[in-house]
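Quick note: residue numbers are just sequence positions, from 1. What's counted below: heavy atoms across the whole structure, side chains too, no hydrogens, waters or symmetry copies.
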Amino acid sequence: HKWGSGRVGSAQTFFQSDNGRSLLNSAALLEGITDPSSSLEIYTTSGLRAGGISVHNGKVWHGSGKNCSGDRPRRGLGLHYVPAEVRFTKEAAKR
């Protein structure tokens, strides 16, 4: 499911004992999904090891467990593509 622009929670609330399931359900309800427990499909990348990569649309709900390395930061890289015909304007920048 591709989520709208509404965001819920934070990194602190994502790492819940239920693996963020309650946060996922509340976001789904905000998007109009009335029964998220039975209508959402959950995919896991649990086999992804240190140094691995996950590629997905930025609006796809995604997350990972806490960084347990203790001394190494977790890095992320976001790439955003914009159609060639898009033109940025001062008015759009004010929004």
* Return the minimal non-hydrogen interatomic distance between Thr34 and Leu29, and the atom names on each side. => O-CD2, 3.9 Å
* To do: Could you pull out all residues at least two apart from Ser38 that satisfy side-chain hydrogen bond (donor to acceptor under 3.5 Å, both in side chains)?
  => Asp35
* Interatomic spacing from CG in Leu77 to CD1 in Ile53 - rounded to 0.5 Å -> 7.5 Å
